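Have a look at the structure below, then the notes.
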Protein chains: 2
Amino acid sequence: MDVDTRLLRYFAAVAEEGSLTGAAETLFVSQPALTKQIRRLEEDLGVRLFARSRSGMALTEAGRELALRVPALLDGWDETVQATGRAARVLRLGFLDAGAVGGVPEVIAEFRRAQPEWRVELRQFDWSDPSAGLARGEVAAAVVRLPFPGQERFTVRELFAEERGVLLSARHPLVNSETVEFWELWDEPFVAAGAGTGAWRGHWLAAEERDGHPVRVGAVTSLPDEWLGAVAGGCVALAPASAARFYSHPDVVFRPVRGVSPSRVGLARPRGRTHEAALDQLLEAIACRLTGS
Amino acid sequence: MDVDTRLLRYFAAVAEEGSLTGAAETLFVSQPALTKQIRRLEEDLGVRLFARSRSGMALTEAGRELALRVPALLDGWDETVQATGRAARVLRLGFLDAGAVGGVPEVIAEFRRAQPEWRVELRQFDWSDPSAGLARGEVAAAVVRLPFPGQERFTVRELFAEERGVLLSARHPLVNSETVEFWELWDEPFVAAGAGTGAWRGHWLAAEERDGHPVRVGAVTSLPDEWLGAVAGGCVALAPASAARFYSHPDVVFRPVRGVSPSRVGLARPRGRTHEAALDQLLEAIACRLTGS
DNA sequence: CCACGTCCATGCCACCAGGTTATAGAAGCA
DNA sequence: TGCTTCTATAACCTGGTGGCATGGACGTGG
């Protein structure tokens with residue numbers, strides 16, 4: 001019997017979440033799509049995996065058996081993807097925002113001169129996956145913003161921290177302040193990441209620094225341009241200081257904010273995997289550069 | 001990154017075969033379809049897996065790495081499918097032709113009375129897969145015709161052997177003989193299984209009992225009805241004696257043949273897998289019944 | 001030297017799997 | 001009773017996947 005690993009990830013999400021609706025949200029697909037897929041998986045296997053009820057989906061015994069084994073299968077596949085990349089002398093790195101990887105391209109250029117047989121690919125991921133491709137085994141390592149959900153599955157080396165500020169529409173009244181107090185923003189409509197990103201979304205809404213004041217979400221985006229667009233459209237968004245340098249937009253201005261924690265940038269890689277000397281070397285060089293800056 | 005296990009099987013076939021054309025044949029897909037799929041796999045991985053040449057496809061280093069790991073992944077999935085079935089108290093058995101499984105349905109009925117919590121499914125496979133679903137992990141055990149390709153990967157218990165004869169069109173001149181000598185059939189157009197079945201196909205063309213006389217293939221089929229249809233249409237086909245009882249067709253007659261080996265029927269299961277007492281019991285009962293008959 | 005065979009690649013078309021939105025149905029809860 | 005929160009169903013759209021026919025590269029044999 002054949003399956004798509006995507007279907008296994010769907011299953012794992014539903015099993016963990018205990019509900020189609022919830023899992024659909026974290027997976028960024030519609031609930032009917034999940035309903036259909038899970039049903040198809042059951043049909044293909046010829047086995048009932050969930051007991052449906054008004055309150056959600058509970059695993060059957062067969063479902064538990066499957067849930068027990070799926071993570072290892074997915075890990076095995078992800079590991080295989082990485083190994084294949086290594087064999088082809090390809091190092092893939094993920095990142096989320098240009099600010100975090102500032103000097104990395106230069107480091108890569110240098111590395112390429114030292115190790116010409118290796119090819120380095122730097123790939124940007126959108127904010128639907130705060131692990132920048134690590135979670136799905138798409139990259140060997142990633143420059144990430146800490147903390148991110150699922151972080152405990154990886155080895156993370158913190159590189160530096162930078163102050164966070166706010167991006168405002170140029171027509172926003174607070175533009176006139178040199179520095180903004182965070183409480184001044186509490187009632188503003190914020191740009192948020194997708195709901196699937198859990199605590200990461202919360203961190204960028206500074207949910208913990210609001211003294212319990214509720215969050216107003218004005219837009220949900222997952223790409224830089226959408227993000228800036230939403231700000232130009234009147235929303236506000238917390239952003240690392242580097243965003244001011246890397247993302248410029250005629251109608252958007254950056255202001256430092258007092259009262260929010262800084263953003264920490266780290267280098268993450270799967271834990272306990274085969275070590276590749278070239279990757280170690282590249283990561284070391286990146287760490288040196290970014291820590292220094 | 002996500003893949004369909006089907007795609008991995010495709011890759012494995014091409015890697016082993018060393019050519020798209022050859023692999024396409026054994027997989028029963030067109031060569032362009034394979035070309036496209038392999039290329040897509042390479043694109044998804046961002047890595048070249050094969051070096052193309054006029055003489056075929058040679059694995060690159062990355063390809064070898066992948067080829068090294070894929071079998072374990074596929075086995076892992078197949079094993080998971082089986083485990084899930086066991087957890088749901090389902091026993092799936094495969095078979096190819098009604099003749100080989102003669103009394104099995106009764107055995108199953110009996111088993112169901114003894115073990116009412118288990119569900120037994122008896123599934124027929126077509127001749128594109130002589131392992132009756134074992135090769136793709138679709139069944140926990142299968143009643144097969146020996147020998148079959150890939151047999152060494154399974155534990156096989158031989159149950160009985162039956163004489164082989166020939167199916168002829170009712171209008172065929174040899175119908176008048178009580179018994180046919182095999183050499184009389186050497187120049188007849190035979191019905192064959194797909195080319196992907198290798199030695200199994202050869203066995204049913206009795207390639208080794210022809211004294212080097214070439215085979216004439218008149219039709220390629222993979223299902224009983226097509227098979228009988230081809231015979232009615234003027235081809236001939238070797239068939240086990242039981243076929244005379246189980247497959248009747250107004251324009252087709254069965255005649256014993258002298259000079260071909262008998263067909264051996266066996267019970268096969270994956271080797272070295274977790275043992276399930278209920279499955280052992282069922283297989284034991286089937287073995288008793290079929291050996292006795 | 002040319003004709004042929006044998007590879008893989010490409011273009012075009014048909015079909016279905018997989019996604020989306022809208023909506024229905026069932027069941028707790030205020 | 002009405003609201004909320006689940007899952008299931010329906011209708012529709014798109015893109016992936018496969019099939020056929022064909023092209024192009026290259027070695028081989030007459």
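Because the structure is a prediction, the values reported are computed rather than measured. All chains are named by letter (A, B, ...) in the order of the sequence lines, taking the proteins before the strands, and each is independently numbered beginning at 1.
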From CG of B/L27 across to C1' of D/dG19 the rounded distance in Å is 15 Å
Check if the side chain of B/K36 and the base of D/dG16 share a donor-acceptor pair of N or O atoms closer than 3.5 Å. no
Whole angstroms only, please: what is the CG-C1' distance between A/L34 and D/dT9? 16 Å
For A/T21, which contact category applies under a 4.0 Å heavy-atom criterion: base, sugar-phosphate, or nothing? base
A/D187 side chain reached by A/H213 side chain, heavy atoms, under 4.5 Å: yes
Rounded at 0.5 Å granularity, tell me how far CG in A/D4 sits from CZ in A/R40. 8.5 Å
Please round to the nearest 0.5 Å and tell me the distance separating atom CD of B/E43 and atom CZ of B/R48. 9.5 Å
Calculate the interatomic distance between A/D4 atom CG and D/dG16 atom C1'; express it in whole Å. 12 Å
Looking at every heavy atom in both B/A237 and B/W227, which two are closest together, and how far apart are they? CB-NE1, 3.7 Å
If you check the A/P32 side chain, which of D/dA10, D/dG18, D/dT7 turns out closest? D/dA10
Mind listing the closest non-hydrogen atom pair of A/L45 and A/L49 along with its distance? CD1-CD1, 4.1 Å
Think A/R52 has a side-chain N or O under 4.0 angstrom from the OP1 or OP2 of D/dC6? no
Does B/R92 come within less than 4.0 Å of B/E121, counting only side-chain N to carboxylate O? yes
Does anyone know the first and last nucleotide of DNA chain C in reach of chain A, 5' to 3', at under 4.0 angstrom to a heavy atom? C/dG18 to C/dG28
For A/R39 and D/dA10, what is the distance between atoms CZ and C1' respectively, to the nearest whole Å? 14 Å
What are the residues of residues 41-48 of chain A, sorted by number, that bring a heavy atom to within less than 4.0 Å of DNA chain C? none
Which is it for B/W127 and B/W204 under the ring pair (Phe, Tyr, Trp, His ring centres under 6.0 Å) test, yes or no, and what are the steps along the way? CA-CA 11 Å; B/W127 309 323; B/W204 287 96; 8.7 Å; no
On the ring face of A/F190, is A/R210 found with NZ or CZ under 6.0 Å from the centre and within 45° of the axis? yes
What is the distance, to the nearest angstrom, from the CG atom on B/L20 to the P atom on D/dA25? 18 Å
Considering every strand and a 4.0 Å limit on heavy-atom distances, what is the contact class for A/Q31: base, sugar-phosphate, or nothing? base
B/Y10 near the nucleic acid: base, sugar-phosphate alone, or nothing, with a heavy-atom cut-off under 4.0 Å? sugar-phosphate
Rounded off to whole Å, could you give me the CD-to-C1' distance for the B/E25 and D/dG19 pair? 16 Å
Nearest-nucleotide comparison on DNA chain D, the residue closer to the 5′ end among A/S19 and B/Q37: A/S19
Check: A/D2/B/T5 side-chain N/O donor and acceptor closer than 3.5 Å: yes
